[in-house]
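For this chain, numbers begin at 1 and follow the sequence in order.
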Amino acid sequence: MTTQQHALIHAGASTSTSALAGADVCAAAGFRLRPGGHAAMFDNDTWRFNDVDGLSVQMSGRSHTRLDFTAISDPRWRLAAKEYVFARLAPGHPEIAVLPRAFRVPLTLASCLKRLAEVARWMNWLTAQQVPSLGDVTQDHCDRYLAERRLRRDASGTALGTLEESVARVAAAAVIELASYGDLLSADRYRDGFTPWDGRSSSKVAGMRPPAENKTPVVSQVILQPLLAAALYVTTTIAPHLVALPPQVQQRRQEDAQLGEAAPDLGLIKEALRRHARDGEPLEAVRGVTARARLCQGWDPDDPLLSVSFTALAREAGTHRIRPALLAAIRPLTEQAVAAAGTAKPWGRQAPHVPLADDTGTTPWTLPLDERDIRDLAGYAHTACLVLAAALTGMRGSELMELRHGCRITSHHGDGMTRYRLKSKLIKGQPLGGTSEEWVVIKAVYDAIGMAEQLSLFTGVPGDLIFGRFKFEPRYPWFRDWVNGPAGQRLGLAPIPDGTVSLRMLRRTLAHELAYRPGGLLAAKVALKHVSVATTEGYAARPGGAQGKLLAEIAEDEADRNLQIVLAEFRNYQDGIMPAGPGARELTEFFASIDAGLASHETAAPRVVASDQHVLNLLSKRAQVLHLAAANYCWFTDPSRALCLKLAGTPAASKPLAGMCDSARCPQATHHPCHRPAWADAVASTTAFIGTLGRTRTAERARLQAELGRAQRVLDSIDAATAKEDDHADHP
């Protein structure tokens, strides 16, 4: 290209049309269209992909299937943006493949949407800065733009703080990558030789470092426990009754559609009113919005008929509605019926009693409802199913959206066990539309998805989808407010404290709980070991699948957990808090050797103090053999010495059998102060149970006395290990 041509381009005049003019974007990107669908064409300023076949549910929204380049004010830069986005979407196109600096891996449609948004921000910022051409962009422009882009602002534009580094990375990538496609851009481009930030990667420009740990926070236990307890209660106790109401509502609608428009029989209406008064059956109440409309029309707020549904009364007389002219004739009888029986919403009047969530009694599963109440309650129950599925499977939002009716699979095995699976799709990191995948789940999740299938039929979910395309951010606060409101408190649900909960946080929490609390409960009635077994089985079925990735996250957390536990126990040793149990001497000797090594290191270099990281490096090998049991630590250094493997007859196993652990006798088990509550509870509960045995239960008494003696010895040894060092400190 000549200098004169280059100058013309920088001045805004194009010497030729784009090399991509007339291109079919869908064909170039390899997208398959539905029969009769319209392709996105390069020459259009808006590319619509809503007719692409196989889009994921997450991408089904209109805003997710449209690339709108009209957001860029300068027409020249609009063309440059189209060329750049086309290149990222279809790197195999002949015009793109020959570019030496072009990326060879296509971006997903979702990523291209983000890239376009950032390119539009960058180009419109340049327009606001009165930069006439991309050829006039300098490094100063790039630095100032990124500094402004990092700021988090409110609706008025006031800076509130800074955005995450990942946001700055994408913004920097859009600025940098325009330089890589300079030879393709026909209307305007950066000047020759200019690459923003001197060719540094967008990650380095944004200041991102390889994360030492997952930054997604876990859900606080004070939120998680009542949240999952409420979700379990709603899905198992309330929803089975709720699903019977919508078909009844639908049947009434069909019957109402067949009612005639003829004037109602006054005698039938009066007979219906007398029956209500005689039987004490409340008249049907109108919805609140109807009562408010009546007040706006001039009704007296103290009128006893304000809340009466005359449409329901007409239905009892076999007609569609009662004309206003008849109201005066039936008013006396109506007032008598209201005085005798009152009014109530039509559905759930004789609701069966269910146990309260706090086990303090029983209560009707619902108060009387109208159609709007049923729809709202179905929405809360649907959200409860979603929360339960997300929290106990670790499925991402995009994967939950792909669940469809019939996705539940069971398989029965000769051992009398039933395996539960869910069919869905992997979306993240997969080709357009995702790839089929199965999740092994526990029965609680299997049942919750089955209930969500029934609820989805009347919650507005399109097609055969169970959850459809949803936003969790508003759904969770609605569910929390319902739990904390009168309805949830009437059912005995524990209030859910304020705090952020997202699907990513629930996935992170599951991995963290499985790693850090292997002997406890994720929430009421949900055994972690069952979730762990299902996750591990899913990994074994498909090591590279979704549950394999979740298991990898769990393994990272377990490694970090073990290191922190060993470090804490080493610090306890240094503070004189000793371990107890058969393996205590061996562990103490190990800690003593580490302590001696650190002391010699400080003697050789007196100005150097061992950091926690240095200590962790020394302890890491021991951390690799640590396994957590319910009431002890297992240091699995030698499988041949493990008592559980000897009892099971599997001395060559690679992991201990926690279910057969007898830590009071195993030479690789230790007890620590953190285990004292478990042993104290065992002593107290066993003592209380022995006291309830009759005189004839001698064999059972002897067995329990042996267990009590063992638990008491472990408890005494834990106390002695701590007290011994305290006594030593008091009597030097």
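Within a 6.0 Å sphere centred on CG of Asp198, other residues, nucleotides and ligands contribute 12 heavy atoms or fewer. No more than 12 heavy-atom neighbours from other residues, nucleotides or ligands sit within 6.0 angstrom of CZ on Arg372.
Ring to ring, His64 and Phe49 are not that close: their centroids are 6.0 angstrom or more apart. For Trp122 and Tyr145, the distance between ring centers is under 6.0 angstrom.
A donor-acceptor pair under 3.5 Å is absent between the side-chain atoms of Glu399 and the main chain of Ile427, judged by distance alone.
Using a 4.5 Å heavy-atom cutoff, the side chains of Ser56 and Glu402 are in contact. Annotation: side chain of Phe31 is in contact with side chain of Leu89 (closest heavy-atom distance under 4.5 Å).
Exactly one of Val441, Ile409, Val440, Ile466 qualifies for a side chain to side chain contact (heavy atoms under 4.5 Å, CB included) with Leu422. That residue is Val441.
Salt bridge Glu437/Lys423: absent, no basic N to carboxylate O contact under 4.0 Å. Between Arg404 and Asp464 there is a salt bridge, since at least one side-chain N of the basic residue sits less than 4.0 Å from a carboxylate O of the acidic one.
For the pair Pro196 and Cys142, the tightest heavy-atom approach, listed with the atom from each and the gap, is CB-SG, 3.8 Å. Here the closest heavy-atom approach between residue His405 and residue Leu457 is recorded as CE1-CD2, 3.9 Å.
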